[in-house]
Amino acid sequence: MSDEAAPTPGNFIRHIIEDDIKANKHEGRVATRFPPEPNGYLHIGHAKSICLNFGVALDYSGSCNLRFDDTNPHKENIEFVESIQQDVRWLGYDWGDRLFYASDYFEQLYEAASELVQAGKAYVCDLTAEQTREYRGTLTEPGTPSPFRDRSVEENLDLLSRMRAGEFEDGVRVLRAKIDMASPNMNMRDPTLYRIRHGVIHHQTGESWCIYPMYDFTHPVSDALEGITHSLCTLEFADHRPLYDWVLDNVSVPCHPQQIEFSRLNLEYTVMSKRKLTELVDEGRVAGWDDPRMPTIAGLRRRGYTPESIRDFCTRIGVSKSENTVQMGMLENCIREDLNEHAPRRMAVIHPLKVVITNYPEGQVEQLDVANHPQDESLGKRTLAFTGELYIDREDFREEAPRKYKRLVSGGEVRLRNAYVIRCDEVIKDAHGEIIELHCSYDSATLGANPEGRKVKGVIHWVSAVHGVAAEVRLYDRLFTAPAPDSSKDGRDYKDFLNPDSLRTVTHCMVEPALAGAEAGERFQFEREGYFCVDPSPGEHATLVFNRVVTLRDSWAKIEQQQNP
RNA sequence: UGGGACGUCGCCAAGUGGUAAGGCCCGGGGUUUUGAUCCCCGUAUUCGCAGGUUCGAAUCCUGCCGUCCCAGCCA
């Protein structure tokens, strides 16, 4: 057991950075940035980027800026800029005093645009959006130059300043780079640099601007102004790199950062696009961005994932340029490993079945001393009350034992975890034949000792009926039923694969008394069930609510499945 | 049919001319008052395919095949 972080394995980006340091490129400096657009909550895919950018900065004594890419006020808002900061911080990263907004550079961006115009490298274009599309050509055919491409520098300068002054309506004109309408790279066919947007209140700049720069223009300039050395982004931006470099080569900036692309994370049984996650939230398919079924950082946090487990996950999946879809098991393994080591053990009965121990002295209560962790004494002990009436889980009793079943059966014996061995003598049913109670007898010689002359293989958990505390338990499962819900070949929408059983709420659970004062966000292992987290929602919960983070590995479930295919 | 990228075990992923790391999953065994944990052991004669260069190729060359991305006044 060790809390030492495993060394981060090398990847192609780290190799490039190490080579650059050796070659004294950028004076040996390393500066990265994490540049989210505040138009949604961060998800596990962003965590990969965050761990990469901040991790690299940490390991090479560099710095990593947090910069909001806020150039499209239509889609962005302050709730997102706040949640993003909270999530990055929660993941364990610190941007110090280097919190920036692309909008901090609007004035410099405008000057850079003027510079391009003056150099004859940008022009104001009056084509409509639709016309622009037609003029752009197709993947296989070159585009056609805009009729406004050869406007004079003077006219362009005048028009640009009047765009800024608000003289033109939305969509009437744009500023475009003058590059190459015949380029095989669509991004180089005179890309739009600025568009007009009236009537939106930007969360940072308010109403001071009515023209907004595009990503392809904003990003390289922002990177350069911040002295970024390595600008890491996902694969789909590889085609934009020539434009990124073009902008930096044609505008006066202090340095020329290097853009490097890596592949984004895909996770089985979920979706990762912001558009789809936004849809799930807006349409009420989930309870919000922090719904524990969401792959968002906020969702994982509420589910009970630890920041350590997410960071561990990010280092395990690595960084490469190949298209990948990581199995859920990988993420689950990371949280199991963390919680197995750190979570105190408790007993909780999710589907209670009453057990009466007929030979237990009436009214007697025994206080049992029990370890909080089977391997780690430093987690201490707690006391458990044992009584003649208790609850076990319905799953742990069968009238007829299936093959290899080693829990309680009629006439059979089982060990009550941390307590005695009991035998089931009688099954009490109601008028419908439903089992409502078990009458058992206990062997008083089996507390902390094996029974004489026989072996009892099964061990089940239990809660004293008089000391137990009522609780609600939320059992989560994967949000989608298909491994790749957003790429079905038969034209079905990702929402057609929503898992109807992704949340099962169980209301009348019984948990051991030590759980009574559990605080929001506290995590436990409910023995033989899984890891659970006290729901941290700022709550008006009348009773305790536990979210299931993840089940325990369950080899019995595998056996059972093989027996009843 | 243009351009960009990628193809190493079921899923990730090292490897950068010297004879296929590691993790997850999976299978088998052991310990265990959690069917958990932990501990052993096993799992690619082969790197998309086909040629070529070389004493030697996953690594170099050529050709082919497959997958992903690009035609927002989104990022």
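Chain A is the first sequence line, chain B the second, and so forth, proteins listed ahead of strands; every chain is numbered from 1.
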Applying ring-ring contact (aromatic ring centres under 6.0 Å, His included), name anything that partners [X], two or more places apart in sequence or on another chain.
X	answer
A:Trp209	A:Phe106
A:His203	none
A:Tyr215	A:His219, A:Phe237
A:His43	A:His46

Expressed as a whole number of Å, how far does the [atom1] atom of [N] sit from that of [M]?
N	M	atom1	result
B:C55	B:G22	C1'	31 Å
B:C24	B:C38	P	9 Å
B:U45	B:U37	P	30 Å
B:C47	B:C60	P	15 Å
B:U59	B:A20	P	14 Å
B:A75	B:C70	P	15 Å
B:C73	B:G2	P	24 Å

Who is the Watson-Crick or G-U wobble partner of [N], with both distances under 3.5 Å?
N	value
B:U67	B:A5
B:U37	none
B:C73	none
B:A57	none

Could you tell me whether [X] and [Y] have a side-chain N and a carboxylate O separated by less than 4.0 Å?
X	Y	value
A:Asp396	A:Arg528	yes
A:Arg67	A:Asp104	no
A:Glu279	A:Arg275	yes
A:Asp338	A:Arg523	no

For the pair A:Asn11 (side chain) and A:Gly318 (backbone), establish whether a donor and an acceptor sit closer than 3.5 Å, ignoring hydrogens and angles. no
Quick one: does A:Thr296's side chain have a donor or acceptor within less than 3.5 Å of a partner on A:Trp289's backbone? yes
Residues which pass side-chain contact (heavy atoms from CB on, under 4.5 Å) with A:Ser322, listed by chain and number, not counting sequence neighbours: A:Ser320
What pairs with A:Cys509 under side-chain contact (heavy atoms from CB on, under 4.5 Å), at least two apart in sequence or on another chain? A:Ile350, A:Val473, A:Val506
Separation of atom [atom1] in [X] from atom [atom2] in [N], rounded to whole Å:
X	N	atom1	atom2	result
A:Ile317	B:G23	CD1	P	17 Å
A:Ile13	B:A14	CD1	C1'	15 Å
A:Phe313	B:C25	CZ	P	13 Å
A:Leu331	B:C24	CG	C1'	11 Å

Under 4.0 Å protein heavy-atom contacts per nucleotide of nucleotides 35-42 of chain B, with B for base, S for backbone only and - for none: BBB-----
Considering non-hydrogen atoms only, spot the tightest contact between A:Arg382 and A:Ala514 and give its length. CD-CB, 4.0 Å
A:Arg33 and A:Ser231: CA distance, side-chain angles, deciding distance, side chain to side chain donor-acceptor pair (under 3.5 Å) verdict: CA-CA 7 Å; A:Arg33 99 271 91 114; A:Ser231 181; 3.1 Å; yes
Does OP1 or OP2 of [N] have a side-chain N or O of [X] closer than 4.0 Å?
X	N	value
A:Ser322	B:A13	yes
A:Arg189	B:G72	no
A:Arg316	B:G22	no
A:Arg133	B:G72	yes

Among residues 168-177 of chain A, which residues get a heavy atom nearer than 4.0 Å to RNA chain B? A:Gly171, A:Val174
Quick one, which residues of residues 67-81 of chain A touch RNA chain B with a heavy atom under 4.0 Å? A:Asp69, A:Thr71, A:Asn72, A:Lys75
Please enumerate all protein N or O atoms sitting under 3.5 Å from an N or O of nucleotides 67-69 of chain B, with distances to 0.1 Å.
residue, atom, partner, partner atom, Å
B:C68, O2', A:Glu323, OE1, 3.3

Compare the minimum distances between each of B:C74, B:G3, B:A14 and the side chain of A:Ser320, then state the nucleotide with the smallest one. B:A14
Using the side-chain heavy atoms of A:Lys321, tell me which of these nucleotides is nearest: B:U34, B:A5, B:G2. B:A5
Tell me which of A:Thr325 and A:Leu416 sits closer to the 5' end of RNA chain B, going by the nucleotide each one is nearest to. A:Thr325
Can you list every pair that meets side-chain hydrogen bond (donor to acceptor under 3.5 Å, both in side chains) and has a residue in residues 168-184 of chain A, with sequence neighbours left out? A:Asp126-A:Arg173
State whether the distance check finds a donor on one side and an acceptor on the other, under 3.5 Å, for side chain A:His240 versus base B:A75. yes
For residues 550-559 of chain A, please give each side-chain donor-acceptor pair under 3.5 Å, one per line with the distance, not counting sequence neighbours.
residue, atom, partner, partner atom, Å
A:Arg553, NH2, A:Asn333, OD1, 3.1
A:Asp554, OD1, A:Trp556, N, 3.2
A:Asp554, OD1, A:Ala557, N, 3.1

